[in-house]
Amino acid sequence: MSKPKLWELDIVRAVAIVAVLLIHGTAASTVALPIGSRSHTLYYAINHMSYFAVQAFILLSGVVLFYSYFDKWSASRVPGFYRKRLQYIFLPYLLWLFFYYLYDQWLNPAVKVHVSFVEFVKLIPWAEIGMGYHLYFMVIIMQLYLLFPIVVTLAKLWRPLGRYLWLFGIVVQGAFVVYRHYSGAAVPHGDRLFITYFALFCIGGSIGMNYERFFAWLNRNVWWVTAAAVGAGYTFLLLSLQEKRGMRFEFWEYELLFNGYPVLVAISFMWIGRHWLAHAPRWAAALSSLGAASFGVYFTHPALLSFYAMRAQVPAGQSGYHLAVWGGIVLILVVPWAVVRALKRFNWSWILFGK
């Protein structure tokens with residue numbers, strides 16, 4: 001018998017995908033506007049306070065996988081696990097990578113649209129392509145899916161690992177960060193390696209293995225957790241603004257905030273999501289709908305945003321600039337959400353949007 005669905009996680013996904021859209025929708029404004037101006041500070045604040053999004057999705061992946069599989073895990077489940085990931089994750093990734101491979105060429109008037117099997121195959125491991133910039137997340141998540149059967153098997157066989165999986169993840173990622181910093185070694189594709197986000201995945205795994213116990217703890221501590229999330233985000237923003245003026249992050253400060261802030265935001269919204277489900281059902285239903293469509297919104301929005309940016313160019317400082325920026329953000333939220341909801345009615349939609 002499968003465990004009950006954690007409906008509050010769809011609300012966390014909705015919050016995270018809105019953060020993704022805010023990051024991408026305000027990115028140009030953080031460059032185009034004069035540093036120190038009120039408008040620049042506003043867009044920079046929105047952009048950087050949204051920096052929890054990718055890490056939150058990785059944490060949620062850990063929660064869902066360990067919640068769903070840990071109790072009844074055995075070696076016999078490995079083939080089925082990998083088959084589902086190939087079908088519902090890798091295949092949509094390939095299709096969207098191919099789409100952005102062509103779309104990237106189409107947007108560039110200096111390039112003739114063509115298809116090269118060799119060119120495309122070289123893109124698959126790391127998804128380093130202009131308009132498909134967001135697909136790096138898929139590269140990371142597929143590495144974590146490859147590792148999951150090994151990690152969950154070890155956690156089942158060796159009880160201390162299962163109990164302290166969160167600590168194991170922090171130690172492994174921390175060792176990598178320290179090595180990279182003090183060795184000065186350039187790590188190829190470092191931002192796309194699983195180890196850069198491994199602590200988040202393992203923290204999510206620990207939550208998933210002990211979800212109701214964790215939630216009982218969260219019920220008692222939600223106020224300081226939420227306050228800590230706000231404080232961490234504000235600190236990250238202030239340090240980022242000071243960095244624009246010449247200050248430097250210590251490497252440990254950046255890593256602590258880059259990982260700690262998203263953890264605090266994600267678990268805060270787990271509690272808030274459950275609260276909304278009980279006390280604001282209509283609002284929760286709308287967010288749950290967006291959360292369920294978040295994978296499709298993630299895949300589609302950069303294409304729409306880049307096309308909109310080409311057609312609605314308003315120079316910074318001119319009247320209508322802010323309207324154009326926020327119009328684009330609303331567009332990349334509403335249109336992909338509506339399209340994904342409409343197409344999800346068809347059985348074949350998993351080919352495009354996975355499961």
Side-chain angles (χ1 to χ4, degrees), residues 12 15-16 19-20 22-24 26-27 29-31 33 35-37 40-62 133 136-137 140 144 164-207 218 221-270:
V12 185
V15 173
V20 169
L22 288 172
I23 291 169
H24 294 164
T26 60
S29 299
T30 65
V31 177
L33 294 166
I35 295 175
S37 66
H40 178 270
T41 303
L42 173 64
Y43 286 117
Y44 195 86
I46 293 169
N47 186 277
H48 277 61
M49 291 293 281
S50 301
Y51 266 30
F52 63 86
V54 169
Q55 301 95 306
F57 275 120
I58 290 171
L59 183 141
L60 290 178
S61 295
Y133 53 83
Y136 81 94
F137 170 77
I140 297 164
L144 292 169
Y164 296 106
L165 182 63
W166 59 274
L167 182 59
F168 172 69
I170 291 172
V171 170
V172 170
Q173 183 175 324
F176 173 70
V177 169
V178 170
Y179 162 76
R180 188 176 58 185
H181 177 76
Y182 286 107
S183 70
V187 180
H189 314 291
D191 62 333
R192 293 159 197 252
L193 293 177
F194 78 91
I195 200 168
T196 306
Y197 299 89
F198 192 58
L200 294 152
F201 184 72
C202 290
I203 291 169
S206 287
I207 293 171
L218 186 57
N221 296 278
V222 66
W223 300 112
W224 75 257
V225 170
T226 305
V230 174
Y234 188 60
T235 303
F236 180 67
L237 171 62
L238 288 180
L239 288 176
S240 299
L241 285 168
Q242 290 304 313
E243 189 178 38
K244 298 288 284 186
R245 292 167 170 82
M247 280 185 62
R248 295 285 301 275
F249 270 107
E250 291 292 337
F251 81 97
W252 62 267
E253 292 174 328
Y254 179 82
E255 290 294 332
L256 184 62
L257 290 168
F258 183 79
N259 293 281
Y261 171 48
V263 171
L264 292 166
V265 171
I267 64 177
S268 296
F269 273 103
M270 288 178 193

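FYI, side chains are in, hydrogens and waters are out, and symmetry mates aren't considered; it's all heavy atoms of this structure.
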**Asked** Just how far is it from atom CG of L60 to atom CD1 of I267, taken to the nearest 0.5 Å?
**Response** 11.5 Å
**Prompt:** What are the two closest non-hydrogen atoms of L33 and H40, and how far apart are they?
**Reply:** O-CD2, 3.5 Å
**Asked** Between P262 and A56, what is the shortest heavy-atom contact and its length?
**Response** CB-N, 4.3 Å
**Asked** Any sub-3.5 Å donor-acceptor pair from Q173's side-chain atoms to A199's backbone N or O?
**Response** yes
**Message:** Tell me whether the rings of Y51 and F236 are parallel (<30°), tilted (30 to 60°) or perpendicular (>60°).
**Reply:** tilted
**Request:** Calculate, to the nearest 0.5 Å, the distance between atoms OG1 and CG belonging to T26 and L42 respectively.
**Result:** 9.0 Å
**Message:** Would you say that F251 contacts R180 through its side chain, given a criterion of any heavy-atom pair below 4.5 Å between the two side chains?
**Reply:** no
**Message:** Name the residue from L241, L237, T235 that meets the side chain to side chain contact (heavy atoms under 4.5 Å, CB included) definition with L239.
**Reply:** T235
**Asked** Can you name the residues that form a side chain to side chain contact (heavy atoms under 4.5 Å, CB included) with A232, not counting sequence neighbours?
**Response** L257, Y261, L264
**Request:** Could you grab the distance from atom CD1 of I58 to atom CZ of F194, nearest 0.5 Å is fine?
**Result:** 12.0 Å
**Prompt:** Given side chains that start at C-beta, do those of F57 and Y197 come closer than 4.5 Å, heavy atoms only?
**Reply:** no
**Message:** Keeping N47 on the side-chain end and Y43 on the backbone end, is there a donor-acceptor pair under 3.5 Å?
**Reply:** no
**Prompt:** Does some side-chain heavy atom of L59 sit less than 4.5 Å from a side-chain heavy atom of M270?
**Reply:** yes
**Asked** Just by distance, do the side chain of S206 and the backbone of W166 share a donor-acceptor pair under 3.5 Å?
**Response** yes
**Message:** Counting only heavy atoms from other residues, nucleotides and ligands, does the tally under 6.0 Å from OH of Y234 exceed 12?
**Reply:** no
**Test item: Q55 side-chain N/O and F258 main-chain N/O as donor-acceptor pair under 3.5 Å** = yes
**Message:** Do Y44 and I35 make a side-chain contact, defined as non-hydrogen atoms from C-beta onward lying under 4.5 Å apart?
**Reply:** no
**Message:** Rounded at 0.5 Å granularity, tell me how far CD in E243 sits from OH in Y254.
**Reply:** 8.5 Å
**Asked** Short question: side chain of T196, backbone of G190 - any donor-acceptor pair under 3.5 Å?
**Response** yes
**Residues which pass ring pair (Phe, Tyr, Trp, His ring centres under 6.0 Å) with Y136, listed by chain and number, not counting sequence neighbours** = none
**Message:** A side-chain contact here means heavy atoms from C-beta on lying under 4.5 Å apart; do F269 and V265 qualify?
**Reply:** yes
**Request:** Just jot down the side chain to side chain contact (heavy atoms under 4.5 Å, CB included) partners of A185, sequence neighbours excluded, or say none.
**Result:** Y179, S183
**Spacing of CG belonging to L165 relative to CD1 belonging to I170, to within rounding of 0.5 Å** = 10.0 Å
**Message:** Is there a side-chain contact between F198 and L144 in this structure, where contact means two heavy atoms from C-beta onward sitting under 4.5 Å apart?
**Reply:** yes
**Fill in**
Here the gap from I23 atom CD1 to I46 atom CD1, rounded to the nearest 0.5 Å, amounts to 12.0 Å
**Message:** Which heavy atom of S268 sits nearest to which heavy atom of A229, and what is that distance?
**Reply:** OG-CB, 4.0 Å
**Request:** Begin from the C-alpha positions of Y164 and F168 and carry the test ring-ring contact (aromatic ring centres under 6.0 Å, His included) through to its verdict.
**Result:** CA-CA 6 Å; Y164 296 106; F168 172 69; over 10 Å; no
